[in-house]
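Quick caveat: nothing in here was measured; it's all calculated off a predicted structure. Values below: all heavy atoms of this structure, side chains included; hydrogens, waters and symmetry mates excluded.
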Amino acid sequence: MLKKGIYYSILILIVVFLSLGFKSIKSENFEWFRSDNSENSTFIFPSAKPNDYKTMNVPYTGKFFIGYKEAIAFRESQGKYHKINSLGYMGKYQFGKETLKTIGIHDSAAFIESPKMQEKAFTALLSRNKWKLRKEIKRFDGKIVDGVRITESGILAAAHLGGVGSVKRFLYSGGKRKCRDSYGTSVKSYLRQFEGYETSAIEAHRNPKVK
């Protein structure tokens, strides 16, 4: 009888011990990522607004325009506003002095010290290149040239690297003209790396100026 009592006592203790080992997991409902059908559901990310990403601790690598800008900036300067390379190209997006003049910037010292001006300059140059390459964008968008799918964002990125003329030579030669910059980076590599981003919001403009 005593042995049976000890047996049941030990059994009860084991059950209690195991029960305490399982804790309920509290479910957290993050307001920026909800999947219910309530009217109050909000979806902050992904967003086309750069200000939405200022407090984030991780890089944004999506296909929205903000991702496009940051991807090109990292490729050009690792995103450093004050970088000047050995050829004199400046800033986050590595502008040359002559290119800056075409969009109305003549003070390179002020340019290198102003992140705001650099961001405006990047958008202005995209707008200018989109105007100059509007026919090529319409003709080649979606086609394969030398193994690369051609898109508007790729064309604009390649023009930022090597200029409008280099992009035209590559496209119209079917990829036979291997255009490269002074460091050996090819137009083809930019066409491939930056294809498929969202750039439709950039308006083509014949002569944009940064004010």
**Request:** Using the salt bridge (Lys or Arg N to Asp or Glu O under 4.0 Å) rule, take Lys130 and Glu203 through it: C-alpha gap first, then chi angles, then the decisive distance, then the call.
**Result:** CA-CA 8 Å; Lys130 190 169 182 177; Glu203 295 183 10; over 6 Å; no

Atom [atom1] of [X] with >12 non-hydrogen neighbours under 6.0 angstrom:
X: Tyr172; atom1: OH; answer: yes
X: Tyr89; atom1: OH; answer: no
X: Lys209; atom1: NZ; answer: yes

Check: [Y] main-chain N/O paired with [X] side-chain donor or acceptor under 3.5 Å:
X: Gln78; Y: Arg75; answer: no
X: Ser153; Y: Gly196; answer: yes
X: Ser127; Y: His205; answer: yes

**Item:** Closest approach of Glu198 to Phe64 (non-hydrogen atoms, all atoms of both residues)
**Value:** CB-CA, 4.1 Å

**Shortest non-hydrogen separation from Ala124 to Ile103 and the atoms involved** = CB-CG2, 4.2 Å

**Prompt:** Taking the six-membered ring of Trp131 as reference, does the NZ or CZ atom of Arg128 fall below 6.0 Å from its centre and within a 45° cone about the axis?
**Reply:** no

**Message:** So if I apply the ring-ring contact (aromatic ring centres under 6.0 Å, His included) rule between Phe111 and each of Phe95, Tyr81, Phe122, which one comes out positive?
**Reply:** Phe95

**Asked** Under a single-linkage definition using a 4.5 Å side-chain heavy-atom cutoff for Ile, Leu, Val, Met, Phe, Trp and Tyr, are Val164 and Val187 assigned to the same hydrophobic cluster?
**Response** yes

**Message:** Parallel, tilted or perpendicular: which one describes the rings of Tyr68 and Phe65, with boundaries at 30° and 60°?
**Reply:** tilted

**Prompt:** Have Arg169 and Ser166 got a donor and an acceptor in their side chains that come within less than 3.5 Å?
**Reply:** yes

**Request:** For Thr199 and Glu152, test the side chains for any donor-to-acceptor distance below 3.5 angstrom and give the result as yes or no.
**Result:** yes

**Request:** Carefully, step by step, assess Glu119 and Lys92 under the rule side-chain contact (heavy atoms from CB on, under 4.5 Å).
**Result:** CA-CA 8 Å; Glu119 296 297 337; Lys92 182 178 178 180; 2.9 Å; yes

